[in-house]
Amino acid sequence: QVQLVESGGGLVQPGGSLRLSCAASRISWYDISNYAMGWYRQAPGKQRELVAGISNGYMTNYADFVKGRFTISRDNGRRTVYLQMNSLEPEDTAVYYCNAALGTTTQYWGRGTQVTVSS
C-alpha cells in the first residue's frame, strides 16, 4: 500500500508563501514516476477540489483560482511532489491533500496538511 505524507502547512499572513511537500513511501521511485500526482484542498463546509496536478510526463494543470500563484513540481528520485504557494489569500485556507493516481483504477491519498492564511 502506497503511503503519502504531506508536510509544510502552517499559519501564514496574507501575501505570504508556503511550500508543501508530499513524500511517497512503500513504492519505488520508478513506479511512482508512472503516477499522476496532484494537490487537492478542502475548506470547512466545502467539497474537496483540485488545486494542481502534474502528469507522469511533467505536464501541469492548475485550477483557475491559483494560476500564477502556485507551482506544482515533482522529483521522482525523491518520490516527492511539491506545491509552492505564493501570494496566499485567506480564501486559500484549507486542508491540502496529496493524491497519486495510476489510470482510473488506482489512487492514493495522504492525510492532509492544514494551511491557514490569516493576519
Side-chain angles (χ1 to χ4, degrees):
Q1 181 85 359
V2 175
Q3 187 174 26
L4 303 175
V5 179
E6 302 95 336
S7 61
L11 174 64
V12 64
Q13 292 187 343
S17 298
L18 283 174
R19 188 193 196 202
L20 305 184
S21 299
C22 169
S25 61
R26 301 177 184 176
I27 187 170
S28 70
W29 71 267
Y30 179 79
D31 286 337
I32 197 67
S33 70
N34 292 314
Y35 281 69
M37 304 294 293
W39 287 96
Y40 290 72
R41 72 185 187 186
Q42 187 167 18
K46 295 188 176 181
Q47 289 190 329
R48 190 173 297 188
E49 59 185 356
L50 175 68
V51 175
I54 184 165
S55 73
N56 58 351
Y58 294 87
M59 293 185 64
T60 59
N61 64 286
Y62 297 92
D64 286 343
F65 53 78
V66 303
K67 281 182 179 177
R69 300 189 298 126
F70 293 7
T71 303
I72 189 171
S73 60
R74 65 189 297 165
D75 184 337
N76 291 331
R78 295 181 184 273
R79 297 174 291 170
T80 301
V81 62
Y82 305 97
L83 185 68
Q84 177 67 44
M85 306 187 295
N86 300 327
S87 303
L88 283 161
E89 304 167 351
E91 294 75 19
D92 296 316
T93 295
V95 178
Y96 284 70
Y97 296 90
C98 179
N99 174 271
L102 185 65
T104 59
T105 59
T106 303
Q107 68 173 341
Y108 301 98
W109 291 93
R111 293 189 174 185
T113 185
Q114 176 71 47
V115 171
T116 302
V117 184
S118 175
S119 56

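Under the 6.0 Å distance and 45° angle rule, R48 counts as a cation-pi partner of Y97.
A salt bridge links R41 with E49: the distance from a Lys NZ or Arg NE/NH1/NH2 to an Asp or Glu carboxylate oxygen falls below 4.0 Å.
Side chains of T80 and D75: no donor on one and acceptor on the other come within 3.5 Å. No hydrogens or angles considered: a donor-acceptor pair under 3.5 Å links the side chains of R74 and N76.
When atom types are taken as modelled, the side chain of E6 and the backbone of G112 share a donor-acceptor pair closer than 3.5 angstrom. Between the side chain of T93 and the backbone N or O of V117 there is at least one donor-acceptor pair closer than 3.5 Å.
I72 contributes atom CD1, which lies 11.5 Å from atom CE of M85 (distance to the nearest 0.5 angstrom). Between S118 atom OG and L88 atom CG the span is 12.0 Å, to the nearest 0.5 Å. Between atom CG of residue L4 and atom CZ of residue R79 there is a gap of 11.0 Å, rounded to the nearest 0.5 Å. The line from CG of N61 to CD1 of I54 is 9.5 Å long, rounded to the nearest 0.5 Å. To the nearest 0.5 Å, atoms CG (L102) and CD (Q107) are separated by 11.0 Å. To the nearest 0.5 Å, the span separating OG1 on T116 from CG on D92 amounts to 11.0 Å.
Tracing side-chain contacts under 4.5 Å through hydrophobic residues (I, L, V, M, F, W, Y), one reaches F65 starting from V115; they form part of the same cluster. No continuous path of hydrophobic side-chain contacts links V66 to V95 [ILVMFWY only; heavy atoms under 4.5 Å].
Between Y40 and W109, the two ring planes are perpendicular [angle over 60°; tilted spans 30° to 60°].
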Practice task
Evaluate side chain to side chain contact (heavy atoms under 4.5 Å, CB included) for T106 paired with Y35, printing each intermediate quantity in order.
Solution key: CA-CA 9 Å; T106 303; Y35 281 69; 3.9 Å; yes
Practice task
Could you check M37 against N56 for side chain to side chain contact (heavy atoms under 4.5 Å, CB included), going step by step and ending with a plain yes or no?
Solution key: CA-CA 8 Å; M37 304 294 293; N56 58 351; over 6 Å; no
Problem - Chi angles and distances behind the side chain to side chain contact (heavy atoms under 4.5 Å, CB included) call for R19, L83 - result: CA-CA 6 Å; R19 188 193 196 202; L83 185 68; over 6 Å; no
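Aromatic pair F70/W39: ring centres not closer than 6.0 Å.
Between C98 and V81, some side-chain heavy-atom pair lies under the 4.5 Å cut-off.
Partners of S73 under the side-chain hydrogen bond (donor to acceptor under 3.5 Å, both in side chains) rule, at least two apart in sequence or in another chain, do not exist in this structure.
Within 6.0 Å of atom OH in Y30, 12 or fewer heavy atoms from other residues, nucleotides or ligands are found, so the atom counts as exposed in its surroundings.
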